[in-house]
Each structure stands twice: as structure tokens, then as C-alpha cells.
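Single-structure report; data block below.
When a residue number appears, it is its place in the shown sequence, counting from 1. The figures here come from the full heavy-atom set of this structure, side chains too, leaving out hydrogens, waters and symmetry mates.
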Amino acid sequence: MDPINIIACYVLCGVLFSVGLEWIMHKTKFELDKPTKNWERIFWVTCWPFLLIKFLIAYHKEENDE
């Protein structure tokens, strides 16, 4: 794969992850009184693998605590 294709796939996954977070925030009515800032969206797009791992660890930890 060319480096451009790898970067495009990474950014596309980041955008989809960001859209998913926005959707979850909308459905759960999480902090609707203050809008999401652009730097937060940029962070979500660039750091999505780290954030996904943290989310999955927290989800499974919560599941095991029950």
C-alpha cells in the first residue's frame, strides 16, 4: 500500500470514530449545553486507536465488575 492510502484509511477510521462519539453523545444527551470544540474533534480523529483501546478496556472492566 502507498503511504497516501494508509494515511487516508487512518483518517477515515478516525472520522468514523468521531462521528460515532458525536452520535453517542447525542443519544445519551451528554453535555448538550456546551458544543464540542474543534480541538476535541481533531484529537478524536488523530488519536482514535488509543481512545478505542481505552474505551474497550473501561467497557470490559465495568462488565466484569457486575
Side-chain angles (χ1 to χ4, degrees):
M1 277 182 102
D2 293 335
I4 297 296
N5 289 342
I6 294 171
I7 293 170
C9 288
Y10 185 87
V11 170
L12 178 63
C13 288
V15 168
L16 293 175
F17 182 80
S18 179
V19 167
L21 280 177
E22 292 274 353
W23 181 75
I24 289 171
M25 288 170 55
H26 176 71
K27 285 294 186 182
T28 60
K29 310 229 184 300
F30 179 77
E31 294 185 1
L32 286 180
D33 55 336
K34 65 178 196 175
T36 305
K37 295 179 178 57
N38 286 335
W39 70 267
E40 292 173 320
R41 290 186 178 113
I42 291 170
F43 180 76
W44 293 343
V45 170
T46 56
C47 299
W48 69 267
F50 172 72
L51 297 171
L52 182 61
I53 289 170
K54 293 290 282 184
F55 173 78
L56 292 174
I57 289 171
Y59 181 76
H60 288 295
K61 188 178 199 181
E62 183 180 299
E63 209 174 67
N64 291 336
D65 288 343
E66 291 178 0

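- Of the possible polar contacts, none joining the Trp44 side chain to the Val19 backbone as a donor-acceptor pair under 3.5 Å is found.
- Remark: Leu52 CG to Leu21 CG distance equals 9.5 Å, nearest 0.5 Å.
- Sorted by first and then second residue, the salt bridge (charged side-chain N to carboxylate O under 4.0 Å, His left out) pairs involving residues 11-21 (not counting sequence neighbours) form an empty list.
- Using a 4.5 Å cut-off between side-chain heavy atoms of Ile, Leu, Val, Met, Phe, Trp and Tyr, Ile24 falls into a hydrophobic cluster with Trp23.
- Looking at residues two or more places apart in sequence or on another chain, you find no ring pair (Phe, Tyr, Trp, His ring centres under 6.0 Å) involving Phe43.
- In the hydrophobic clustering of this structure, Phe17 groups with Phe30; members are Ile, Leu, Val, Met, Phe, Trp, Tyr whose side-chain heavy atoms approach within less than 4.5 Å, directly or through other members.
- Listed here is the closest heavy atom pair of Val45 and Val11: CG1-O, 4.2 Å.
- Sequence neighbours left out, not one pair with a member in residues 44-54 passes salt bridge (charged side-chain N to carboxylate O under 4.0 Å, His left out).
- Within a 6.0 Å radius of CD1 in Ile4, no more than 12 heavy atoms belonging to other residues, nucleotides or ligands are found.
- Between Pro49 and Tyr10, the shortest heavy-atom contact is CD-OH, 3.5 Å.
- Identified under the salt bridge (charged side-chain N to carboxylate O under 4.0 Å, His left out) test for residues 10-20, with sequence neighbours left out: none.
- Among residues at least two apart or in separate chains, salt bridge (charged side-chain N to carboxylate O under 4.0 Å, His left out) pairs with a member in residues 3-27 are Glu22-Arg41.
- When the side chains of ILVMFWY residues are joined at heavy-atom separations under 4.5 Å, either directly or via intervening members, Leu16 and Met25 end up in two distinct hydrophobic clusters.
- Residue Ile7 holds its CD1 atom at 13.5 Å from CG of Leu12, rounded to the nearest 0.5 Å.
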